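Quick one: this structure, given as structure tokens, is what I'll be asking you about.
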4 protein chains.
Amino acid sequence: MTTTSQKLIRATELLLRRDGLARVTTREIARQAGVAEGALYHHFGDKAGLLHAVVEHSMGDFREVLENLPLKVGQGTVGKNLEHMLQAAFAFQFRVSPIVGSLLADHQLLARAREILRQRCIGPRRSVDVLAAYLQAEQRLGRVAAEVIPHSAAELLLASGFNAAMFDHFLARDMGPEAVCQRIKDSIQTLMSGLEPRCSVPPTVQHDRITER
Amino acid sequence: MTTTSQKLIRATELLLRRDGLARVTTREIARQAGVAEGALYHHFGDKAGLLHAVVEHSMGDFREVLENLPLKVGQGTVGKNLEHMLQAAFAFQFRVSPIVGSLLADHQLLARAREILRQRCIGPRRSVDVLAAYLQAEQRLGRVAAEVIPHSAAELLLASGFNAAMFDHFLARDMGPEAVCQRIKDSIQTLMSGLEPRCSVPPTVQHDRITER
Amino acid sequence: MTTTSQKLIRATELLLRRDGLARVTTREIARQAGVAEGALYHHFGDKAGLLHAVVEHSMGDFREVLENLPLKVGQGTVGKNLEHMLQAAFAFQFRVSPIVGSLLADHQLLARAREILRQRCIGPRRSVDVLAAYLQAEQRLGRVAAEVIPHSAAELLLASGFNAAMFDHFLARDMGPEAVCQRIKDSIQTLMSGLEPRCSVPPTVQHDRITER
Amino acid sequence: MTTTSQKLIRATELLLRRDGLARVTTREIARQAGVAEGALYHHFGDKAGLLHAVVEHSMGDFREVLENLPLKVGQGTVGKNLEHMLQAAFAFQFRVSPIVGSLLADHQLLARAREILRQRCIGPRRSVDVLAAYLQAEQRLGRVAAEVIPHSAAELLLASGFNAAMFDHFLARDMGPEAVCQRIKDSIQTLMSGLEPRCSVPPTVQHDRITER
DNA sequence: AATGAATGAGCTTTCATTCAT
DNA sequence: GATGAATGAAAGCTCATTCAT
């Protein structure tokens with residue numbers, strides 16, 4: 001059985017992605033959910049309340065993945081660990097991107113959202129901090145190069161996913177899951193190896209695998 | 001002398017950053033600019049027209065920097081070239097971030113903006129492509145490691161700046177120019193060196209390549 | 001044991017005085033009474049039905065006092081008889097003032113209330129008539145001056161109380177019982193003696209007892 | 001030429017008297033005034049603002065009459081002076097009665113109205129004070145009986161008019177101007193002469209003074 | 001070119017009322 | 001009798017846009 005609140009949250013997610021907050025009216029949400037407009041106010045107080053419920057719902061298992069990252073230090077390979085984390089991050093970022101965009105368009109909503117995120121220790125800054133801490137720990141074990149600035153690397157990795165989510169949204173394109181997966185792998189490979197030529201690797205090897213897209 | 005259109009564009013930029021599009025009314029824009037509401041319609045046709053004028057105005061010299069990037073191939077150092085490009089990119093991203101947010105909140109506006117950007121070859125995809133082409137060229141010269149996936153590296157670098165701009169906006173913080181400059185340098189250093197320990201570290205530790213497709 | 005209907009009536013009286021009908025919702029009434037909203041409809045049919053029950057309940061012993069007034073003709077003093085009657089009238093007027101206000105704001109409710117009052121011979125006009133009849137009877141006995149217009153005097157006396165009740169409500173002040181009592185006594189004294197100087201009383205006597213308030 | 005604001009004020013007065021505030025919608029006001037709903041907000045900010053404009057407009061020349069009352073001390077006859085003042089008072093009270101009633105139904109509006117009245121020194125208390133001061137001055141001249149309590153007499157007189165206005169409204173009756181005029185004259189005559197039989201009646205009958213405090 | 005009063009469609013929100021449990 | 005989630009009509013209000021001056 002789907003409850004009224006669930007119907008409303010699902011309808012809102014759908015419409016937000018399709019039309020953008022500014023075009024999504026409470027009337028339309030109720031219609032799409034197949035319930036009366038009043039139900040929205042009964043369950044969520046107001047439109048903003050519903051929006052925040054949608055954000056919560058969008059978090060999925062990202063939080064859990066974030067909490068477990070510290071346990072991975074020294075386990076498996078750094079690349080695999082990063083990959084797992086970024087998959088979860090991207091799923092989250094993809095779901096919230098329509099809302100984050102909308103919040104930037106309304107600073108009143110934004111202020112309210114910021115406060116909620118702060119209270120729950122789940123803001124964007126926190127993700128960066130957790131990832132940076134992980135990288136630093138691996139650095140101590142010698143599994144990450146000493147020259148690396150952990151915070152900077154963490155930003156680079158997470159920004160990549162967030163950016164991709166925003167672009168998908170911006171360009172109204174919809175990468176399939178395999179494309180997403182490959183994009184994440186590519187980012188990690190690039191960041192793992194670094195731009196500077198390695199001493200041992202002769203620069204004679206030409207490769208061109210990534211150019212046709 | 002400041003013309004009426006200039007006054008309107010400046011007022012809009014200010015209010016967009018301060019309050020977000022959803023809270024910015026034509027009345028408020030006119031008041032802030034010190035002109036009548038009707039003037040807005042004389043000069044820009046409608047509110048969306050004004051918005052697009054603001055985007056154009058926000059581009060600054062970024063376009064020029066982008067055009068000149070191919071000429072830098074093989075010149076100076078890769079790091080310096082990237083740094084110069086990212087500085088200009090960030091300045092642009094910082095200015096447009098309030099507008100990008102607003103566009104994501106209103107897919108009708110977004111569609112119109114997308115069309116304009118496509119016509120002018122100035123969309124976000126274009127920046128990535130130009131930067132990727134630059135990196136590939138440097139790679140052919142051996143100034144960038146062979147394992148690097150140019151497109152992926154370009155995304156990583158630009159995403160970093162865009163992300164930072166969005167976060168500044170999201171968190172209502174305002175990094176000073178020096179902090180911005182340092183952040184960009186850090187990103188480049190991190191990406192240049194790569195996460196994997198360099199040759200000096202005994203190469204016995206095998207790291208998993210994530211290239212299997 | 002307090003029944004559900006009693007709880008609802010009390011809650012309504014309280015909220016009506018505190019917030020005014022326009023701000024009193026059925027939900028709030030139910031909450032204050034500690035019962036479900038539906039109960040209101042079981043017991044009173046609709047919100048207007050509840051309101052009329054509150055009016056009935058507010059009548060207290062005023063009706064009885066009114067009925068007994070004719071029996072007082074020629075008994076005790078005119079002043080004491082009037083005082084007793086006005087005390088009861090004021091208590092009633094004080095209780096109904098929030099409701100009278102509300103009725104004046106909604107002529108649909110008002111029409112319904114008017115009908116009920118007419119059927120029960122308890123409208124405001126009836127009070128004036130009863131009091132006027134009493135004064136006329138006393139006039140025949142020579143205990144009230146012959147020049148007095150009984151209906152006019154009755155209006156003056158009742159208006160005074162109604163007015164005071166409305167003002168208490170309007171000014172959100174709350175005269176204590178002693179102040180009310182004194183005000184009624186003053187009104188009666190003033191009306192008893194009349195404004196015109198009495199032949200026998202020399203106007204040389206200065207008095208100033210009432211000026212500091 | 002009738003301006004938009006004037007049209008709105010007139011329409012509101014009409015509808016308020018006919019239907020009561022709770023039944024008067026902004027849509028209906030605009031329709032009756034023959035202007036767009038937005039005009040209401042352009043000129044008065046909100047519905048409450050319009051209401052206050054209606055009150056101001058309803059004041060007519062009452063304020064002026066009130067200001068001039070002190071100049072009448074010792075002039076003409078007390079009865080005529082009172083009559084003139086009460087005529088103006090009633091005209092005002094009659095016009096505002098629909099609004100006063102409505103305010104009592106909505107304490108939020110009421111609070112705002114109270115504040116405005118206080119700032120303008122034009123509340124109901126002020127009228128009583130001015131009239132009481134007049135009576136006291138006449139008392140010093142011996143033109144009003146020494147036993148009279150000026151404040152109480154002032155209340156009695158003004159309450160009479162306010163009450164009549166409320167009743168006209170409550171009973172949906174509409175006294176013609178002559179009836180109003182006569183009622184006012186009757187009230188004054190009654191209050192001038194007083195209820196107690198005059199000297200011609202043997203003063204042997206002791207009446208109880210109710211002054212003990 | 002510039003003005004700003006006027007417009008009115010459409011928004012979010014409220015709340016008396018119903019009805020399955 | 002009692003409950004309270006669900007309803008949906010209708011309210012106050014906003015704001016991009018027009019147009020006579």
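The shown structure was predicted, so the numbers you read here are calculated from the model rather than taken from an experiment. Naming: A, B, ... by sequence-line order, numbering from 1 per chain.
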Figure out the CZ/P separation between A:F44 and F:dA5, and round it to whole Å. 13 Å
Under-4.0 Å side-chain N/O to phosphate OP1/OP2 contact, B:T26 with F:dC15: no
D:R27 (side chain) and F:dG12 (base): donor-acceptor pair under 3.5 Å: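 Such a pair exists between side chain and base.
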Partner lookup for E:dA20, please. Criteria are Watson-Crick or G-U wobble with both distances under 3.5 angstrom; report none if nothing qualifies.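 Paired with E:dA20, as far as the under-3.5 Å criterion goes, is F:dT3.
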From the list F:dC13, E:dT7, E:dT3, which nucleotide is the closest neighbour of the side chain of D:E37? F:dC13
d(CG, D:L40; P, F:dT14) in whole Å: 11 Å
Side chain to side chain contact (heavy atoms under 4.5 Å, CB included) between C:H107 and D:H169: does it pass, once the steps are laid out? CA-CA 10 Å; C:H107 290 199; D:H169 192 196; 3.2 Å; yes
Can you check the B:Y41 OH to E:dA5 C1' distance for me, whole Å?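 Distance, rounded to whole Å: 14 Å.
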From CG (D:L103) to NE2 (D:H52), nearest 0.5 Å: 7.0 Å
Between atom CG in A:D46 and atom P in E:dC15, what is the gap in whole Å? 14 Å
Whole angstroms only, please: what is the CD-C1' distance between A:E28 and E:dT12? 15 Å
Nearest-nucleotide comparison on DNA chain F, the residue closer to the 5′ end among B:K47 and D:A48: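 Its nearest nucleotide being more 5', the pick is D:A48.
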Given that both distances must come in under 3.5 Å, which nucleotide forms a Watson-Crick or G-U wobble pair with F:dT14? E:dA9
Nearest whole Å is fine: how far is F:dA16 C1' from A:R23 CZ? 11 Å
As a quick check of understanding, evaluate salt bridge (Lys or Arg N to Asp or Glu O under 4.0 Å) for D:E13 and D:R10, giving each step before the final call. CA-CA 5 Å; D:E13 274 179 321; D:R10 299 237 169 98; 5.4 Å; no
Looking at F:dG8, which nucleotide sits across from it as a Watson-Crick or G-U wobble partner, both distances under 3.5 angstrom, or is there none? E:dC15
Of the candidates E:dA6, E:dT3, F:dC13, the side chain of D:H42 sits closest to E:dA6
Take D:T4 and C:G45, find for each the nucleotide of DNA chain E with the closest heavy atom, and name the residue whose nucleotide sits nearer the 5' end. D:T4
Could you tell me whether A:T25 contacts a base, only the sugar-phosphate backbone, or nothing, with contacts defined as non-hydrogen atoms closer than 4.0 Å? sugar-phosphate
D:A36 side chain, from C-beta outward: closest of E:dA6, E:dT7, F:dC13: E:dT7
Would a 4.5 Å heavy-atom cut-off, applied to side chains only, mark D:S97 and D:F170 as touching?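 Not touching, per the 4.5 Å side-chain cut-off.
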Spacing between C:L21 atom CG and E:dC15 atom C1', to the nearest angstrom: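 Checked: the CG to C1' distance equals 12 Å.
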To the nearest Å, how far apart are D:H43 NE2 and F:dT14 C1'? 16 Å
Quick check against the 3.5 Å criterion: does C:E28 have a side-chain atom that pairs as donor or acceptor with the backbone of C:T25?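 Judged by distance alone, no pair lies under 3.5 Å.
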Complementary nucleotide for E:dA1 - Watson-Crick or wobble, under 3.5 Å: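 Looking at the geometry, E:dA1 pairs with no nucleotide.
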